[in-house]
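In what follows, a structure is listed as structure tokens, so that the remarks can point back to it.
As a basis for the values below, the full set of heavy atoms in this structure was taken, side chains included, without hydrogen atoms, waters or symmetry mates. Every value quoted in this text rests on a predicted model; they were computed, and no experiment measured them.
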Amino acid sequence: MTIYEKPRIRFVGGEIAYVELCDEISLNCNKRVHAVYYSILKDIDEGKVNGILEIVPAYSSLTLFYDPRKIRHESLESYIIKTIEYVGR
């Protein structure tokens with residue numbers, strides 16, 4: 001079982017980003033998911049990122065619903081990667 005060094009990010013339907021952080025259901029993985037989740041929420045509250053409408057954490061992944069008119073998927077992908085790097089492993 002692995003916690004990925006880089007997340008697996010898949011864009012679905014132009015408004016959803018599925019971010020897989022691990023291939024396991026474990027406490028360590030879930031702690032990482034929630035650390036990223038709360039970091040993104042903080043950035044939204046502080047106005048550091050626009051266009052993310054909703055975030056749904058799961059055991060080993062996050063699903064982000066976003067407005068493609070406010071944030072392009074390339075920018076969102078870059079933001080997600082930087083946030084995960086900031087939060088750490």
Side-chain angles (χ1 to χ4, degrees):
M1 296 189 208
T2 305
I3 294 178
Y4 304 134
E5 189 172 318
K6 292 182 91 176
R8 295 183 180 173
I9 302 172
R10 285 177 255 156
F11 288 90
V12 183
E15 298 175 348
I16 299 170
Y18 176 76
V19 183
E20 187 177 25
L21 301 176
C22 324
D23 70 353
E24 62 187 40
I25 294 175
S26 69
L27 185 57
N28 286 339
C29 181
N30 194 249
K31 283 181 181 180
R32 186 169 187 216
V33 167
H34 279 83
V36 172
Y37 170 74
Y38 287 114
S39 182
I40 294 171
L41 284 181
K42 183 179 178 214
D43 285 352
I44 292 169
D45 286 344
E46 294 176 356
K48 293 180 181 177
V49 63
N50 294 312
I52 297 175
L53 307 173
E54 186 175 352
I55 312 165
V56 181
Y59 290 108
S60 61
S61 63
L62 294 162
T63 302
L64 286 81
F65 295 84
Y66 69 99
D67 183 343
R69 294 169 295 177
K70 294 184 179 178
I71 187 168
R72 296 175 51 118
H73 79 268
E74 295 90 354
S75 298
L76 181 58
E77 182 173 16
S78 176
Y79 167 75
I80 292 166
I81 291 168
K82 287 177 184 175
T83 300
I84 291 169
E85 289 171 351
Y86 173 77
V87 168
R89 299 189 80 202

Next on the checklist: Which heavy atom of I3 sits nearest to which heavy atom of E24, and what is that distance?
Outcome noted: CG1-OE2, 4.0 Å
Checklist entry - Got a sec, which residues hit salt bridge (Lys or Arg N to Asp or Glu O under 4.0 Å) with R8, two or more places apart in sequence or on another chain? => result none
Next on the checklist: Any heavy-atom pair between the side chains of I55 and T63 that's under 4.5 Å?
Outcome noted: no
Next on the checklist: Can you give me the closest heavy-atom contact between P7 and V19, atom names plus distance?
Outcome noted: CB-CG1, 3.9 Å
Checklist entry - Is the closest side-chain heavy-atom distance between F65 and V56 below 4.5 Å? => result yes
Checklist outcome for this item: Here the pair of heavy atoms bringing G51 nearest to K70 is CA-CB, 3.7 Å
Checklist entry - Would you call N50 and I71 a side-chain contact if the rule is heavy atoms closer than 4.5 Å? => result no
Checklist entry - Relative to the ring of Y38, is the ring of H34 parallel (under 30°), tilted (30 to 60°) or perpendicular (over 60°)? => result tilted
Item to check | I80 and I9: CA distance, side-chain angles, deciding distance, side-chain contact (heavy atoms from CB on, under 4.5 Å) verdict | outcome: CA-CA 9 Å; I80 292 166; I9 302 172; 3.8 Å; yes
Next on the checklist: Count I, L, V, M, F, W, Y as connected when their side-chain heavy atoms are under 4.5 Å apart, and connections chain through other members. Are L53 and Y79 then in the same cluster?
Outcome noted: no
Checklist entry - L76 and L41: same hydrophobic cluster, using ILVMFWY side-chain contacts below 4.5 Å? => result yes
Next on the checklist: If we check side-chain contact (heavy atoms from CB on, under 4.5 Å) with I40, which of these qualifies: D45, V87, L64?
Outcome noted: L64
Checklist entry - Under a 4.0 Å N-O cut-off, is there an ion pair linking R10 with E20? => result yes
Next on the checklist: With rounding to the nearest 0.5 angstrom, report the OG to OH distance, S61 to Y18.
Outcome noted: 3.5 Å
Checklist entry - Quick one: does Y4's side chain get under 4.5 Å of D23's, heavy atoms only? => result yes
Checklist entry - Minimum heavy-atom separation for A17 to Y66, with atom names? => result N-CE2, 4.0 Å
Item to check | Contacts of D67 that satisfy salt bridge (Lys or Arg N to Asp or Glu O under 4.0 Å) - sequence neighbours left out | outcome: R69
Checklist entry - Heavy atoms, side chains only, cut-off 4.5 Å: are Y59 and V33 in contact? => result no
Checklist entry - What is the minimum heavy-atom distance between P68 and G14, and which atoms define it? => result CG-O, 3.4 Å
Checklist entry - Is I84 linked to F11 within one hydrophobic cluster, defined over Ile, Leu, Val, Met, Phe, Trp and Tyr using a side-chain heavy-atom separation of less than 4.5 Å? => result yes
Next on the checklist: If I compare all heavy atoms of N30 with all of A58, which pair ends up nearest, and what's the gap?
Outcome noted: ND2-O, 3.3 Å
Checklist entry - Can you list every pair that meets salt bridge (charged side-chain N to carboxylate O under 4.0 Å, His left out) and has a residue in residues 48-58, with sequence neighbours left out? => result E46-K48
